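Computed from a prediction, not measured in an experiment: that's the story for all the values here.
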Amino acid sequence: MEKDKRVILALDVTSRSDALRVVEAVRDHVDAIKINWPLILAVGPDIIRDMSKIKAVICDMKIADIPNTNRLIVEQTMAKGASAVICHGFTGEDSVKACVDAAGGQVFVVTEMSHPGGKQFTAPVADKLAGLAKSAGARGIVAPATRPERISDLRKIIGGLEIISPGVGAQGGNASDAIRAGADYIIVGRAIYESPDPRDAAMRLANEVKKGL
Ligand code: 3DU
């Protein structure tokens, strides 16, 4: 995936026509497309391959199972053209390693989640989850733009691994704050796809990112 705009589109729409409309509008202003369950369930998993022809696709199924099942899920996802997957780390080192092996290292591990409930169970163990991402050979972590100070903390643990950061826009986070704190990319969904002008929204976010570099 490119590292130019540093914006990853969270494509959580539920129709093929909306997906194509939004992606056509913003394709020159984002570096990757993140696909999650809403779109996969609405239109089918072949949307991964279709979108991968346009941009790098990160599949965010937040995989959280035993190693063998994780491996099977990741193999199927990568075979459909995904460039990377997102998994949970609370399942333990063997489960994360199964994802890393099946994805050739292209795995992001969820640490502290960005929503208010993320403080309840994920925040207390986020440092350990970040350490696990590193020791398991993952590509990076998912860390909250809603709490930029936590991005800085987690950056110290993972060193040069990548940080992709959701929570900008609809969840209240700010793009430049997240980048300044150490995020490599911001992940943005509603602030782009619910905008009357998704292209303009993506361009504004890319400009906001630049302020944090
Ligand atoms: O709030 P938005 O509409 O910009 O969407 C954020 C996306 O990032 C969405 O797909 C969600 O599932 C994902 N995500 C988080 O929001 C928070 C996390 O901690 C991890 C993933």
Subject >> Donor on one side chain, acceptor on other, N68 and R71, under 3.5 Å >> reply: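 Judged by distance alone, the side chains do pair up.
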Original post:
N174 and S176: side-chain donor and acceptor closer than 3.5 Å?
Top reply: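 Yes, a side-chain donor-acceptor pair sits under 3.5 Å.
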Nearest 0.5 angstrom please: [X] [atom1] to [Y] [atom2], how far?
{"X": "H29", "Y": "I192", "atom1": "NE2", "atom2": "CD1", "value": "10.5 Å"}
{"X": "L9", "Y": "I186", "atom1": "CG", "atom2": "CD1", "value": "11.0 Å"}
{"X": "F108", "Y": "R139", "atom1": "CZ", "atom2": "CZ", "value": "4.0 Å"}
{"X": "M51", "Y": "L20", "atom1": "CE", "atom2": "CG", "value": "4.5 Å"}
{"X": "S15", "Y": "R21", "atom1": "OG", "atom2": "CZ", "value": "7.5 Å"}

Is the shortest distance from a Lys or Arg side-chain nitrogen in [X] or [Y] to a carboxylate oxygen in the other one below 4.0 Å?
{"X": "K97", "Y": "E93", "answer": "yes"}
{"X": "D60", "Y": "K62", "answer": "yes"}
{"X": "E24", "Y": "R27", "answer": "yes"}
{"X": "R150", "Y": "D153", "answer": "yes"}
{"X": "D31", "Y": "K55", "answer": "no"}
{"X": "D184", "Y": "R155", "answer": "yes"}

[X] to [Y] - nearest heavy-atom pair and separation:
{"X": "P144", "Y": "S165", "value": "C-OG, 3.6 Å"}
{"X": "I48", "Y": "G81", "value": "CG2-C, 4.3 Å"}
{"X": "M78", "Y": "S83", "value": "CE-O, 3.7 Å"}
{"X": "N36", "Y": "D12", "value": "CB-OD1, 3.3 Å"}
{"X": "N70", "Y": "A98", "value": "CB-CB, 4.4 Å"}
{"X": "L39", "Y": "A19", "value": "CD1-CB, 4.1 Å"}

Subject >> CA sep, side-chain torsions, deciding dist, call: I63, V74, side chain to side chain contact (heavy atoms under 4.5 Å, CB included) >> reply: CA-CA 8 Å; I63 304 159; V74 173; 3.7 Å; yes
Original post:
Should we say atom CZ of R180 is surrounded by more than 12 heavy atoms from elsewhere, each under 6.0 Å from it?
Top reply: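 Yes, enclosed.
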Original post:
Should the heavy atoms of other residues, nucleotides or ligands under 6.0 Å from NZ of K128 be counted, would the total exceed 12?
Top reply: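 No, NZ of K128 has 12 or fewer neighbouring heavy atoms, counting only those of other groups under 6.0 Å.
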So, does [X] use its side chain to make a donor-acceptor pair with the main chain of [Y] at under 3.5 Å?
{"X": "R147", "Y": "G173", "value": "no"}
{"X": "S114", "Y": "T146", "value": "no"}
{"X": "S95", "Y": "D65", "value": "yes"}

Subject >> Linked, directly or transitively: V125 and I141 (ILVMFWY side chains, under 4.5 Å) >> reply: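 Shared cluster, no.
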Original post:
Does V142 belong to the same Ile/Leu/Val/Met/Phe/Trp/Tyr cluster as I157, with side-chain heavy atoms less than 4.5 Å apart forming each link?
Top reply: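 No; I157 is not reachable from V142 via cluster members.
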Subject >> Single hit among I35, I33, I8 for side chain to side chain contact (heavy atoms under 4.5 Å, CB included) with I58 >> reply: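 The option that passes is I8.
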